[in-house]
Undergrad: 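Structure in structure tokens, see below.
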2 protein chains.
Amino acid sequence: MKYTNRRIASLLRQKGFKLTPQRRAVLDIICSSTEHFTPVQIYERARQEHPDVGLVTVYRTLNMLAALGLLCQVHMDGRKRSYVMRRPAEHHHHLVCSQCGTVVDFASCDLGELEEKLSRQTGFEINGHLLEFSGCCQECKQK
Amino acid sequence: MKYTNRRIASLLRQKGFKLTPQRRAVLDIICSSTEHFTPVQIYERARQEHPDVGLVTVYRTLNMLAALGLLCQVHMDGRKRSYVMRRPAEHHHHLVCSQCGTVVDFASCDLGELEEKLSRQTGFEINGHLLEFSGCCQECKQK
DNA sequence: CTTGTAGTTGAAAATGTCTTTCATTTATCA
DNA sequence: TGATAAATGAAAGACATTTTCAACTACAAG
């Protein structure tokens, strides 16, 4: 399943959200690429077209989209406070370079069995998992 | 392998660190339980015995212990900035309740194969992974 | 096309977590 | 006991993110 700008727009309206130029700008950026962006990066890009969007609005829009399940986040290096958002695709995970921040996606993860086992052992109702590998990418290794 | 208060103390001395009452207080708290604590929680407990420890010192001590590999961190809910520390054991992962913050450890993870595959495909040198399940614990389910 | 209004906005201030700075104090060892 | 390198607390700083609030606007109903 692939979300397009237009599609998201109509979903928002359906949910009672207004489609403002600022939100449009954020959506355009996120939908125009498969890259990952930090809120600040999105903010900077959005300003090029629309010089008076505020960073606050970018945060608000991203939060809204995330709450609707349209975005997901990466935790750089597992420790940094900054986080990154991207337009979603299927369930997938991340491989993050701790030198340069490059993020590579991968889809295969086979945690269903482990999840079930844990659920049985602990009584938890498990509704999500976070799996990230970190390391050093090829380019950074060469330096 | 189990770390005791005393054992850590002598390790610190060995490494050239001083064993101050403040550090002792932090160590006592961490070693006296298998629970996870946030820096602020440790700070608050430490103050009960030793009213003039500063939060700064708690942070410094925790960072030092983490740098020595004696502690590890949890990322609550995968999003919160606050993090939790505990006394370490073997390699393990966490199962976090997003309602109440309870953390359960589990050891089994079978990611070696996946790690190798990713490494081959991407050229990354992988040196760590972060795996966390989140959900709702038994107690919270009942409410 | 107006108009009412609930939802949205930007700026500034606030929050929360963690780190740095610096003058003062202290654990440790010769 | 005294020298000294390391450690401390307070206050200020750094950042990412959120809240507050008065002004503004998308859009549906008329």
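Residue numbers start from 1 in every chain, and the chains themselves are labelled A, B, ... in the order their sequence lines are given, proteins ahead of strands.
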Undergrad: Go nucleotide by nucleotide along DNA chain D from the 5' end; which of B/Arg23 and B/Arg47 gets its closest nucleotide reached first?
TA: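 The 5'-side residue here is B/Arg23.
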Undergrad: Distance check needed: D/dA16 C1' versus A/Glu44 CD, whole Å only.
TA: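 So the CD-C1' distance, A/Glu44 to D/dA16, works out to 14 Å.
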Undergrad: Does A/Tyr59 have a side-chain nitrogen or oxygen under 4.0 Å from the phosphate oxygens OP1 or OP2 of D/dT18?
TA: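 For A/Tyr59, the contact criterion (side-chain N or O under 4.0 Å from OP1 or OP2 of D/dT18) is not met.
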Undergrad: Considering every strand and a 4.0 Å limit on heavy-atom distances, what is the contact class for A/Val53: base, sugar-phosphate, or nothing?
TA: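 A/Val53: backbone/sugar contact only, no base atoms under 4.0 Å.
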Undergrad: Would you kindly give the CE-to-P distance between B/Met64 and C/dC18, to the nearest whole Å?
TA: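 Rounded to the whole Å, the gap is 17 Å.
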Undergrad: Nearest-Å distance, NZ (B/Lys15) to C1' (D/dA7)?
TA: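 It is 19 Å, rounded to the nearest whole Å.
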Undergrad: Nearest 0.5 Å, what's the CD1-NZ distance between A/Ile126 and A/Lys117?
TA: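 Going from CD1 on A/Ile126 over to NZ on A/Lys117, the span is 11.0 Å.
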Undergrad: When all nucleic acid strands are considered with a 4.0 Å heavy-atom cut-off, which category describes B/Arg60: base, sugar-phosphate, or nothing?
TA: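 Base: the residue B/Arg60, judged by heavy atoms under 4.0 Å, touches a nucleobase.
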Undergrad: A/His50 NE2 to C/dT8 P: how many Å, rounded?
TA: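 These atoms are roughly 15 Å apart.
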Undergrad: Using heavy-atom distances to pick each residue's nearest nucleotide on DNA chain C, tell me which of A/Gly54 and A/Gly16 is more 5'.
TA: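 It is A/Gly16, whose closest nucleotide lies nearer the 5' terminus.
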Undergrad: Starting at CD1 of B/Ile42 and ending at P of C/dC18, how long is that distance when rounded to a whole Å?
TA: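 Atom-to-atom, B/Ile42 to C/dC18, this comes out as 11 Å.
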Undergrad: For B/Gln22 and for A/Thr61, locate the closest nucleotide of DNA chain C by heavy-atom distance; then report the residue assigned to the nucleotide nearer the 5' terminus.
TA: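 Residue closer to the 5' terminus by nearest nucleotide: A/Thr61.
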Undergrad: I'd like to know if the side chain of A/Arg13 reaches the main chain of A/Leu19, judged simply by a donor and an acceptor atom lying under 3.5 Å from each other, with no hydrogens or angles considered.
TA: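 Not at all, since once roles are kept as given, no pair shorter than 3.5 Å links the two residues.
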Undergrad: If I take atom OH in residue B/Tyr43 and atom C1' in nucleotide C/dG16, what distance separates them, rounded to the nearest angstrom?
TA: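 Answer to the nearest Å: 15 Å.
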Undergrad: If you look at every strand shown and take non-hydrogen atoms under 4.0 Å, does B/Pro21 touch a base, only sugar-phosphate, or nothing?
TA: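 Result for B/Pro21 = sugar-phosphate.
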Undergrad: Can you measure A/Gln41 atom CD to D/dT17 atom C1' for me and round it to whole angstrom units?
TA: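 For the pair A/Gln41 CD and D/dT17 C1', the rounded distance is 16 Å.
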Undergrad: Take A/Leu68 and A/Leu12 through the side chain to side chain contact (heavy atoms under 4.5 Å, CB included) test and state the conclusion after the steps.
TA: CA-CA 9 Å; A/Leu68 288 173; A/Leu12 290 194; 3.4 Å; yes
Undergrad: Please report the distance, rounded to the nearest Å, between CG in B/Asp52 and C1' in D/dA7.
TA: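 So the CG-C1' distance, B/Asp52 to D/dA7, works out to 13 Å.
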Undergrad: Given the side-chain rings of B/Phe133 and B/Phe106, with only the six-membered ring counted for Trp, is the space between their centroids under 6.0 Å?
TA: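 Aromatic pair counts; centres sit under 6.0 Å.
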Undergrad: Only counting residues at least two apart or in another chain, list the ones meeting side-chain hydrogen bond (donor to acceptor under 3.5 Å, both in side chains) with B/Arg47.
TA: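 Per chain and number, B/Arg47 pairs via side-chain hydrogen bond (donor to acceptor under 3.5 Å, both in side chains) with B/Tyr43.
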Undergrad: Check step by step if side chain to side chain contact (heavy atoms under 4.5 Å, CB included) holds for A/Asp28 and A/Arg45.
TA: CA-CA 10 Å; A/Asp28 281 348; A/Arg45 290 204 180 201; over 6 Å; no
Undergrad: Taking 4.0 Å as the cut-off, does a side-chain nitrogen or oxygen of A/Asn63 come that near to OP1 or OP2 on D/dT18?
TA: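 Yes, within the criterion.
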Undergrad: Grab the two heavy atoms, one from B/Arg23 and one from B/Lys18, that are nearest each other, plus how far apart they are.
TA: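 Scanning both residues, the minimum pair turns out to be NH1-O, 2.8 Å.
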Undergrad: Identify all pairs in which a protein N or O lies below 3.5 Å from an N or O of nucleotides 27-30 of chain D, and state each distance.
TA:
from: D/dC27; atom 1: OP1; to: A/Leu19; atom 2: N; distance (Å): 3.4

